[in-house]
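Predicted model only: the values in this text are computed from it and were never measured.
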Amino acid sequence: MSNFFKNKVVIITGASSGIGLATARLLYQNGAKCVLAARRKGLLDSIAKELEGSLPIETDVTKKDSLENLVKETLKVFGRIDILINNAGILVYKPIEQCSEEELRELMEVNYFGAVGCVNAVLPIMKQQGSGHIVNVASIAGKLGFPSLGYYAASKFALVGYSQALRQEIKQVGIFVSTICPGTVNTPMTEEIIEGAKKKGKNVLPISAEKVAEKILYGIEKKKSEVFVPRATHSLYFLHFFFPKFTEWLAWKFRASDPNDFKAEE
């Protein structure tokens with residue numbers, strides 16, 4: 001338990017399941033005041049009962065008025081915003097040529113523009129306070145493209161680049177930006193992919209949402225620019241930097257699925 005987070009006001013988007021829920025629980029255990037933001041109000045209310053004193057706010061990160069309400073209600077109850085954890089996200093898992101324009105736009109709206117909208121909503125408050133920390137949950141797919149994750153990777157690459165520029169622009173006013181790049185995480189969003197790979201005898205080795213939550217708190221407390229979890233993802237990123245062709249061959253060779261899997265479902 002760290003005193004670093006005691007009484008800090010933290011907004012967590014996508015807090016109703018997966019990484020968001022695990023992070024909210026860990027922050028609560030460390031004394032933070034959690035604002036739980038997601039679209040599923042029933043789940044949020046249930047989680048708020050578990051995390052006594054937390055504030056559940058039904059939120060759609062793609063809608064400006066919803067984000068304005070999130071900030072307004074947070075300030076009404078807690079009076080400040082110390083940390084924003086941009087975790088809300090969606091996944092489309094299939095070959096690029098089989099993805100529709102609508103799927104691409106939805107991915108970008110939630111994974112990229114949704115995060116940007118959250119930052120725009122909290123930034124004036126943090127600037128007024130002269131302090132704050134923004135965490136953007138990206139992915140190793142925001143550093144290296146993988147088969148059947150092309151559009152998802154595009155949204156996360158955008159988020160990583162945005163985070164790098166934002167960090168440089170606002171660090172001098174007392175606000176820090178961390179980017180989290182997990183590998184495959186065992187969450188409801190990835191459950192079908194993991195199970196499908198296992199049936200084909202492929203070892204995906206997913207990490208737990210709780211492990212990612214630990215690294216998120218570590219990144220905030222230590223002011224890390226980028227956090228890779230597990231460590232092997234960092235090695236993969238550096239391998240790609242020096243040997244891009246070989247790394248992309250590895251990604252294809254050990255992919256969780258085959259294009260024929262998708263054709264059979266049509």
Side-chain angles (χ1 to χ4, degrees), residues 1-16 19-39 41 44-45 47-88 113-137 159 162-163 165-180 213-225 227:
M1 298 282 284
S2 169
N3 287 325
F4 179 87
F5 294 96
K6 189 173 178 60
N7 293 323
K8 282 190 167 57
V9 179
V10 188
I11 294 176
I12 309 113
T13 68
S16 59
I19 295 171
L21 176 55
T23 304
R25 284 174 171 156
L26 191 57
L27 284 164
Y28 176 79
Q29 292 167 16
N30 280 269
K33 299 181 185 299
C34 297
V35 180
L36 311 170
R39 290 182 290 188
K41 188 177 186 302
L44 288 183
D45 290 341
I47 295 164
K49 289 178 182 177
E50 174 194 342
L51 309 182
E52 189 176 348
S54 297
L55 177 63
I57 302 177
E58 184 178 4
T59 306
D60 184 339
V61 298
T62 68
K63 298 186 183 305
K64 186 177 180 181
D65 58 346
S66 186
L67 295 177
E68 289 174 350
N69 179 68
L70 173 63
V71 170
K72 183 183 74 174
E73 292 301 317
T74 300
L75 294 176
K76 185 189 297 182
V77 175
F78 295 122
R80 61 182 293 113
I81 299 171
D82 297 301
I83 300 167
L84 165 67
I85 299 177
N86 266 323
N87 169 71
F113 289 112
V116 171
C118 288
V119 171
N120 290 342
V122 305
L123 206 50
I125 309 303
M126 289 183 173
K127 282 185 173 180
Q128 190 175 21
Q129 294 169 176
S131 65
H133 200 123
I134 294 166
V135 177
N136 290 327
V137 180
L159 184 59
Y162 165 78
S163 301
L166 181 66
R167 180 165 47 249
Q168 296 172 60
E169 291 181 12
I170 64 176
K171 187 176 181 179
Q172 52 266 46
V173 294
I175 306 167
F176 200 78
V177 179
S178 295
T179 310
I180 312 298
E214 289 174 9
K215 290 297 185 179
I216 288 174
L217 268 65
Y218 166 78
I220 296 170
E221 187 168 359
K222 302 299 181 182
K223 286 192 172 182
K224 294 289 184 179
S225 298
V227 177

- Note on the structure: Nearest heavy-atom approach of E221 to F5 is OE1-CE1, 4.1 Å
- Donor-acceptor pair, R39 side chain versus D60 backbone, under 3.5 Å? no
- Counting only N and O atoms by type, is there a donor-acceptor contact under 3.5 Å from the side chain of Q129 to the main-chain atoms of D82? no
- Item | Exercise: identify the closest heavy-atom pair between E52 and Y28 | O-CE1, 3.2 Å
- Note on the structure: Output for pair (I83 CD1, I134 CD1), nearest 0.5 Å, gives 11.0 Å
- Query: Are I11 and I57 close enough that some pair of their side-chain heavy atoms sits under 4.5 Å apart?
  - Reply: no
- Query: For D45, what residues pass the side chain to side chain contact (heavy atoms under 4.5 Å, CB included) criterion, not counting sequence neighbours?
  - Reply: K41, P56
- Item | Atom of S54, atom of A48 and distance for their closest heavy-atom approach | O-CB, 4.2 Å
- Message: Looking at every heavy atom in both R167 and F176, which two are closest together, and how far apart are they?
- Response: CD-CZ, 4.0 Å
- Between C118 and N86 the two heavy atoms that sit nearest each other are CB-OD1, 3.1 Å
- Query: Donor-acceptor pair, N87 side chain versus G14 backbone, under 3.5 Å?
  - Reply: yes
- Task: Keeping to residues at least two apart or across chains, list the salt bridge (Lys or Arg N to Asp or Glu O under 4.0 Å) pairs with something in residues 113-124.
- Result: none
- Side-chain donor or acceptor of S178 paired with backbone N/O of S225 under 3.5 Å: no
- Note on the structure: Between L84 and M126 the two heavy atoms that sit nearest each other are N-CE, 3.9 Å
- Task: Please collect all salt bridge (Lys or Arg N to Asp or Glu O under 4.0 Å) contacts where either partner lies in residues 63-74, sequence neighbours excluded, each pair once.
- Result: E73-K76
- Query: Is there a side-chain contact between I81 and V35 (heavy atoms, below 4.5 Å)?
  - Reply: no
- Contact check, side chains of L36 and T59, non-hydrogen atoms, under 4.5 Å: no
